[in-house]
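Just so it is clear, the model here is predicted, and its values are computed rather than measured. Each residue takes its place number in the sequence, starting with 1. Heavy-atom basis, side chains included; hydrogens, waters and symmetry copies ignored.
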Amino acid sequence: QVQLVESGGGLVQPGGSLRLSCAASGRIYNLFDMHWYRQSPGKQREWVATINNVGARSVVDFVKGRFTVSRDNAKNTMSLQMNSLKPEDTGVYYCSAELRATPYIDTDTYWGRGTQVTVSS
């Protein structure tokens with residue numbers, strides 16, 4: 001059984017910072033791309049950032065220069081450092097990962113349950 005668990009969300013004032021973490025655990029044979037998505041109130045879930053297993057990363061334009069994605073392959077964890085937060089960054093942030101649980105099955109995508117980020121004064 002594979003689990004992805006996000007942590008680090010909370011309430012922060014505009015201009016503040018938060019660091020989200022995602023930990024993958026369970027039966028993991030290969031861990032490939034890891035992603036952050038968010039779902040803001042009244043909107044569809046949207047992609048925020050991706051980092052692959054050799055450290056290549058990309059972020060969506062509206063967080064460039066503010067958010068940084070990183071990863072620790074030895075611990076199967078991913079982080080999202082969020083600086084200069086804005087009220088429009090409010091939402092539930094989800095971690096997802098593409099992985100193979102055993103060498104005998106295909107790669108699949110797993111999701112965490114999300115962590116709430118609220119940016120408000």
Could you tell me how the ring of Tyr94 sits relative to the ring of Trp111: parallel (under 30°), tilted (30 to 60°) or perpendicular (over 60°)? perpendicular

Can you find a heavy atom in the side chain of [X] that is under 4.5 Å from one in the side chain of [Y]?
X: Ser17; Y: Val12; answer: no
X: Leu99; Y: Met34; answer: no
X: Phe62; Y: Glu88; answer: no
X: Thr68; Y: Arg57; answer: yes
X: Leu20; Y: Met78; answer: no
X: Glu6; Y: Tyr93; answer: no

Is it the case that the ring center of Phe67 lies less than 6.0 angstrom away from the ring center of Trp36?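 No - the distance between ring centres of Trp36 and Phe67 does not fall below the 6.0 Å cut-off.
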
Between [atom1] of [X] and [atom2] of [Y], what distance do you get to the nearest 0.5 Å?
X: Phe32; Y: Asp108; atom1: CZ; atom2: CG; value: 12.0 Å
X: Thr109; Y: Glu98; atom1: OG1; atom2: CD; value: 4.5 Å
X: Ile28; Y: Asn76; atom1: CD1; atom2: CG; value: 4.5 Å
X: Thr77; Y: Asp72; atom1: OG1; atom2: CG; value: 4.5 Å
X: His35; Y: Asn52; atom1: NE2; atom2: CG; value: 9.5 Å
X: Leu18; Y: Gln81; atom1: CG; atom2: CD; value: 8.5 Å

Got a donor-acceptor contact below 3.5 angstrom from the [X] side chain to the [Y] backbone?
X: Arg100; Y: Asn30; answer: no
X: Asn53; Y: Asn73; answer: no
X: Thr90; Y: Val119; answer: yes

Val117 reachable from Trp47 in the ILVMFWY side-chain graph, under 4.5 Å edges: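 Yes, one cluster joins them.
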
At their closest point, which heavy atom of [X] faces which heavy atom of [Y], and how far apart are they?
X: Thr115; Y: Gly9; value: OG1-N, 3.2 Å
X: Ala97; Y: Leu31; value: CB-CD1, 3.8 Å
X: Gly114; Y: Val92; value: CA-CG1, 3.8 Å
X: Pro14; Y: Ser121; value: CD-N, 3.7 Å
X: Lys64; Y: Val59; value: CG-CG2, 3.4 Å

Pair Lys86 + Asp89, salt bridge at N-O below 4.0 Å: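 Salt bridge absent between Lys86 and Asp89.
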
Determine, for Arg38 against Glu46, whether the closest basic-nitrogen to carboxylate-oxygen distance falls under 4.0 angstrom. yes

Has Arg19 got more than 12 heavy atoms of other residues, nucleotides or ligands less than 6.0 Å from its CZ? yes

Residues, nucleotides or ligands: over 12 heavy atoms within 6.0 Å of Gln39 CD: yes

Check the pair Val69 / Arg71 against side chain to side chain contact (heavy atoms under 4.5 Å, CB included), numbers first and verdict last. CA-CA 7 Å; Val69 60; Arg71 175 171 176 163; over 6 Å; no

